[in-house]
Amino acid sequence: MGFAAKRFAPRSSDAVLLAAPQFADILWPVFLLLGWEQVRIDPGNTRFTPFDFVSYPWSHSLLMLCAWATAFGAVYYAITRYWAGTIAVWIGVVSHWVLDWMTHRADMPLVPGGARYGLGLWNSIAGTMIVEVLMFAAGVWMYVSATRAKDRIGRWAFIAYLVLLLVIYVADAFGTAPGSVTEVAWAGVAGVVILIPWAWWFDRHRKGELA
Ligand SMILES: [Zn+2]
């Protein structure tokens with residue numbers, strides 16, 4: 001989503017466009033550390049993920065994601081006055097619910113405390129990997145077709161970023177379950193702190209073909 005959005009909002013930094021669809025998972029580790037939301041490490045919960053998402057009404061309900069999308073979009077519009085980017089941010093934040101609804105078992109709430117839904121794609125490892133890798137490839141292709149490297153950073157920092165994402169994906173898919181929830185939360189925080197500025201860095205070194 002974050003890569004594909006570049007075609008729609010070429011003047012937005014892809015750091016912002018990537019942060020929007022990840023926003024639920026940027027909040028989630030923080031809310032875990034604060035004790036506002038709960039997860040249990042439970043290997044086999046679905047075949048793909050060792051987590052039992054006990055409760056995450058503030059970061060992952062559809063209603064709250066609409067609210068976060070509006071807040072994120074409002075701040076972004078106030079700073080940039082760029083409508084295409086603002087719309088991309090709003091759709092990006094809310095898209096997290098739709099995509100998690102496809103993969104998670106029925107643990108995605110519509111409203112805090114309300115009924116929970118999910119199609120459970122994660123119960124099939126092959127199905128998960130086919131859908132996720134194809135979506136990733138399509139997004140990257142759209143970003144590559146919308147931008148061009150201005151220099152070596154624009155090429156190699158971007159390629160290294162893609163390689164890191166794939167390494168993290170494979171490690172998550174085939175590695176052993178994490179030792180504790182605190183470890184999961186801090187890994188999430190570290191991912192955000194590293195990956196968002198990195199995206200800002202390579203995106204600055206690429207020229208928008210459509211901008
Ligand atoms: Zn999520």
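In listed order, ligands and their atoms are each counted from 1. Treat the numbers as computed from the prediction; the structure is a model and nothing was measured. Just so you know, these numbers use all the heavy atoms, side chains as well, and skip hydrogens, waters and symmetry mates.
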is_close_aromatic(W101, Y117), centroid dist under 6.0 Å
no

Name of the residue among I41, D42, T46, V39 meeting side chain to side chain contact (heavy atoms under 4.5 Å, CB included) with D52:
D42

Determine how many protein N/O/S atoms sit closer than 2.8 Å to the Zn ion (ligand 1), leaving waters out since they are not shown.
4

Short side-chain to backbone donor-acceptor contact, K150 and R204, under 3.5 Å
yes

Under the 3.5 angstrom rule, does the side chain of W97 hit a backbone N or O of P109 as a donor-acceptor pair?
yes

Please step through side chain to side chain contact (heavy atoms under 4.5 Å, CB included) for the pair Y143 and L17, ending with a clear verdict.
CA-CA 11 Å; Y143 179 76; L17 299 177; over 6 Å; no

Between N45 and R40, a side-chain donor and acceptor under 3.5 Å:
no

